Number of protein chains: 2
Amino acid sequence: MSFAKLDAYCHSLSALEHALAILGVDEATAMAPGGGESRAEAMASLSGMLHRQATDPKLQDWIEAAKAESLDDAQSVAVAEFERSYINMTCLPAEFVERRIRTSMRSEQLWRNARPNGDWDGFRPALEGVVDLVREEAAIRAEVLKLTPYDALMEQYDPGNRTKDITPVFTELKVFLVDFLPQALAAQAEHHATRPLKALSGEYPVERQKALGEAMMEAIGFDMAHGSLSISDHPFCGGVPSDVRMTTRYRTDEFLPALMGILHETGHGLYEQNLPKDWAHWLSGKARGMSIHESQSLFVEKQIGRNPAFWRFALPHVAKHLGEDWAIDDMLQHVHQVRRGKIRVDADEVTYPLHVILRYELEQDLLARRIEVRDLPEAWDAKMLEYLGISTIDDPANGPMQDVHWPSGAFGYFPSYTLGALMAAQQWAAITRTHPEVDAEIAGGDFGTLIDWRRKNIWQRASMGSTPEILRKATGENLNPAHFIAHLQARYGQ
Amino acid sequence: MSFAKLDAYCHSLSALEHALAILGVDEATAMAPGGGESRAEAMASLSGMLHRQATDPKLQDWIEAAKAESLDDAQSVAVAEFERSYINMTCLPAEFVERRIRTSMRSEQLWRNARPNGDWDGFRPALEGVVDLVREEAAIRAEVLKLTPYDALMEQYDPGNRTKDITPVFTELKVFLVDFLPQALAAQAEHHATRPLKALSGEYPVERQKALGEAMMEAIGFDMAHGSLSISDHPFCGGVPSDVRMTTRYRTDEFLPALMGILHETGHGLYEQNLPKDWAHWLSGKARGMSIHESQSLFVEKQIGRNPAFWRFALPHVAKHLGEDWAIDDMLQHVHQVRRGKIRVDADEVTYPLHVILRYELEQDLLARRIEVRDLPEAWDAKMLEYLGISTIDDPANGPMQDVHWPSGAFGYFPSYTLGALMAAQQWAAITRTHPEVDAEIAGGDFGTLIDWRRKNIWQRASMGSTPEILRKATGENLNPAHFIAHLQARYGQ
């Protein structure tokens, strides 16, 4: 029986994925400094093994045969998702894949050296090479998938996301934000004038911050029997659903960055821990994609973690672990701070979407050859001035050179961040519509309603539907920016 | 070219071994408690992948073709070692391998439950099943390898070790030890009468013990850029040569067990770290086998770590890290303690070989059907009385049920422990013959002569020769118990 053969095959693929996930975590958290070379060699070899096994030509026959078998709904969905991935993985010629990896690796290395010096002219030829390849890849994928080139790229990160649905949403959001940002900044200035921002600095030993972080993780639903929190230079949430490895980094003079980082990664971790176990080895049982994953991390970080109700619950824990008794208003001024800035990763929830929309627009312009790489500094600067009122023309390092995505060839990825923020707000709105009591529950340290809703509507649905389908089933409507806009207005409008 | 094909293939096999090694370390040191089930599944799947790849029938043709190519010496040795392993791995029918794994896993589980209760009668049928399979396995291997059945089993752990060479050595050692043990105990009693044993207890925080252990590891030659020391319930030395993961466990009321454990594992670690890098992916570039590995750990633990010269160097470090200033004679009384006892793993270097020789003899008796499993309690007791003057007849849990080796089917493994001790003494004798200054160097914290000699004569030779060949090349003679006997006489005789 072909479904049974595929089922066994998925176990084998999952074992390699498991190994790669744990080797990656180990590299970031435990590996000796001199172990990198042989680790890289082992991981490259295992990745190659995984790719060869996942794209084995015999699978095409197995998929066809399995589709002809009498399958129940979950089995049909599993085979369909397997086929979707198989087509996406096999549609590029091997020669092209090798050329693409070589080019983007070289470009990324070059970028790491060129960025600190803001050496745009030195970096530009490498980026031009990457953009040429991305155009080629998008064309091949578009042909196979019967999608527009940019949609074919987004499909790798968020199956089902289409520019025809996203562009109107982003446009509405952009128009709102360009108008709203000065209002939010003015409101903030007024607050700060009456209640000056109080510094949250002190001496916070790592072990105490870790204990605080773990207390918050557990309260919010993280299962410590199936995961842990450790330290790495770049915080991440990795591992496998049965053993979710979260990391953070600590500064001993302030605690808020680590704590907010832990909340963010806890959102990713909850999603992984609560995926349906019976389908863990099939793609249909794995996390859906970048934007839904980001909606889960942002749900915890922004919808829960920057909610005044959360701080009513959390402040006594902060006091207990760190010995500091903050007033809630002083804390909220910090977690609700808004700032114009050049750097996406440092942006707050009001300005962040403008950074993303800028990239979303420029990526499509590049793909459609409406602009070329040489035009980027001016195009970037023009949009930064228009959206955020900041010029980057003299500072390419903090303009079009700031992100690793383009040097590494990851076009079509950026929208996921803001789609995640929109979806998180839309999920929050759906929950509070039927459960207006959640704020009170959160203030009392009870996250059960939030967990149950997300488990049933997001986590357990895994990849058993496209990104828009998952959202629609969960919230009863298509992607709707009104919820995020209302959320920003309520939190930052006055 | 077939050698080149094998070379690439070895890289791929090594990647799977790398993954399994790190997954194993991670399981013991970092995995969340609930992660075990999916880890076991992933590791079983990867082990199966590795076994299938390593026993792929096409390799037979590749090996033959490579042997016909014009190869240099190192390449020829690499292919020969690959073929040796291939024959050993492929000589058992798949049906038999499955039956053997099933039987020994069930027996090992049963043993874990039966041992705490000393339930010999409950455990015996399982052990009988294992012994039947081991007899069957030994017969198959003997036929293929043209060896006696017991030699064919030892060949899995130490290629080239043969009973015809080992039995006379073990007999000589046994005769010596049975006579020597009472003398050593009498000499010890006399010492303790004039200088009573001083307790080494106190309050030693884990971080301080770890710092002391790491200082000793580094002094002895362990490269902290390619390895680390962490904590696990059962100390081990794992990982990969480029990243050797040592673990230990600590008690805070005494420091000597952890420190001696660290020294032992450091010996294993040094061997792994100093294997020839160019051949790291070929078997000929990996550690030779159990007895040479054990000779390296015992070299550091016994020849260096229980040497008075070492303690002249180490005591100031102990004082610095733990704040305790021991007199060297008090310390030596501890590290040179001799005790008759039932338990192999608790034995000292005088009594340990008697435990091993007992098992070596009984394993051969079982294999040759001179005794059956039902005879073991009496046979064990008789030998314990003869060799160590202790009866175990009423205490099977600490008699023939004490080790995991037999329940898991590992027959032919025990001799490696004592062969390691003999080889360590023989290596030490070879070094001091030409370098009488090493004791003075050790006392001054200089381990360079010892490191250089072992790197050149043991570590860099990896598996480029059989176990006896490696020893002969390194020391200029065959296995010779005189060195170990002289070592015991000098350390414990007066």
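Since the structure is predicted, the reported quantities are computational estimates derived from the model, not experimental observations. Chain letters run A, B, ... following the sequence lines, proteins first, then strands; residues in each count from 1.
Residue A:Met31 touches chain B through both its backbone and its side chain, counting heavy-atom pairs closer than 4.5 Å. Contacts between B:Arg245 and chain A at a heavy-atom distance below 4.5 Å involve the side chain alone, from C-beta outward. For A:Ser38, the parts lying under 4.5 angstrom from a heavy atom of chain B are both the backbone and the side chain.
Between A:Val244 and A:Cys237 there is a side-chain heavy-atom pair separated by less than 4.5 Å. At least one side-chain heavy atom of B:Gln296 sits under 4.5 Å from a side-chain heavy atom of B:Ile458. The closest side-chain heavy-atom distance from A:Ile262 to A:Tyr250 is below 4.5 Å. At a threshold of 4.5 Å between non-hydrogen side-chain atoms, the residues A:Leu229 and A:Thr248 count as touching. Between B:Ile451 and B:Trp459 the shortest side-chain heavy-atom distance falls below 4.5 Å. Residues B:Val79 and B:Phe3 are in side-chain contact: their nearest non-hydrogen atoms beyond the backbone lie under 4.5 Å apart. Side-chain contact between A:Arg39 and B:Asp243: present, with at least one pair of heavy atoms (C-beta onward) separated by less than 4.5 Å. Residues B:His226 and B:Pro241 fail the side-chain proximity criterion, which asks for heavy atoms closer than 4.5 Å.
A donor-acceptor pair under 3.5 Å is absent between the side-chain atoms of A:Arg249 and the main chain of A:Ser232, judged by distance alone. A donor-acceptor pair under 3.5 Å links the side-chain atoms of B:Ser463 to the main chain of B:Lys286, judged by distance alone. Checked by atom type and distance alone, the side chain of A:Gln460 never pairs as donor or acceptor with a backbone atom of A:Arg455 at under 3.5 Å. Judged purely by atom type and a 3.5 angstrom limit, A:Arg454 uses its side chain to pair as donor or acceptor with the backbone of A:Leu450.
Within residues 17-30 of chain B, the residues that have a heavy atom under 4.5 Å from a heavy atom of chain A are B:His18, B:Ala19, B:Ile22, B:Leu23, B:Asp26, B:Ala30, listed by number. Along residues 50-62 of chain A, the residues that come nearer than 4.5 angstrom to chain B, judged on non-hydrogen atoms, are A:Gln53 in order of number. Scanning residues 266-283 of chain A against chain B with a 4.5 Å non-hydrogen threshold yields no residues. Along residues 208-220 of chain B, no residue comes nearer than 4.5 angstrom to chain A, judged on non-hydrogen atoms.
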Going through the distances and angles, do A:Leu13 and A:Phe82 end up as a side chain to side chain contact (heavy atoms under 4.5 Å, CB included)?
CA-CA 12 Å; A:Leu13 297 176; A:Phe82 191 92; 4.2 Å; yes
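A distance of 13.5 Å separates CG of B:Leu16 from NE2 of B:His11, quoted to the nearest 0.5 Å. In this structure, CG on B:Leu259 lies 11.5 Å from NE2 on B:His317, to the nearest 0.5 angstrom. Atom OG1 of residue A:Thr252 and atom OH of residue A:Tyr204 lie 10.5 Å apart, to the nearest 0.5 angstrom.
Atom NZ of A:Lys456 sits in a sparse spot, with 12 or fewer heavy atoms from other residues, nucleotides or ligands closer than 6.0 Å. Counting heavy-atom neighbours within 6.0 Å of A:Met105 CE, excluding the residue itself, gives a total of 12 or less.
Between chain B and the residues A:Ala44, A:Gly227, A:Gly35, the largest count of heavy-atom pairs under 4.5 Å involves A:Gly35. Your options are B:Ser230, B:Ser228, B:Ala42, and the one with the most heavy-atom pairs under 4.5 Å with chain A is B:Ala42. For the set B:Glu41, B:Met49, B:Met224, the count of heavy-atom pairs under 4.5 angstrom toward chain A peaks at B:Met49. For the set A:Ser45, A:Gly48, A:Ala225, the entry with the most heavy-atom pairs within less than 4.5 Å of chain B is A:Ala225.
The nearest pair of heavy atoms linking B:Ser284 to B:Ala462 is O-CB, 3.1 Å.
Ion pairing of B:Glu81 with B:Arg288 is present here, as a side-chain N (NZ or NE/NH1/NH2) and a carboxylate O approach within less than 4.0 Å.
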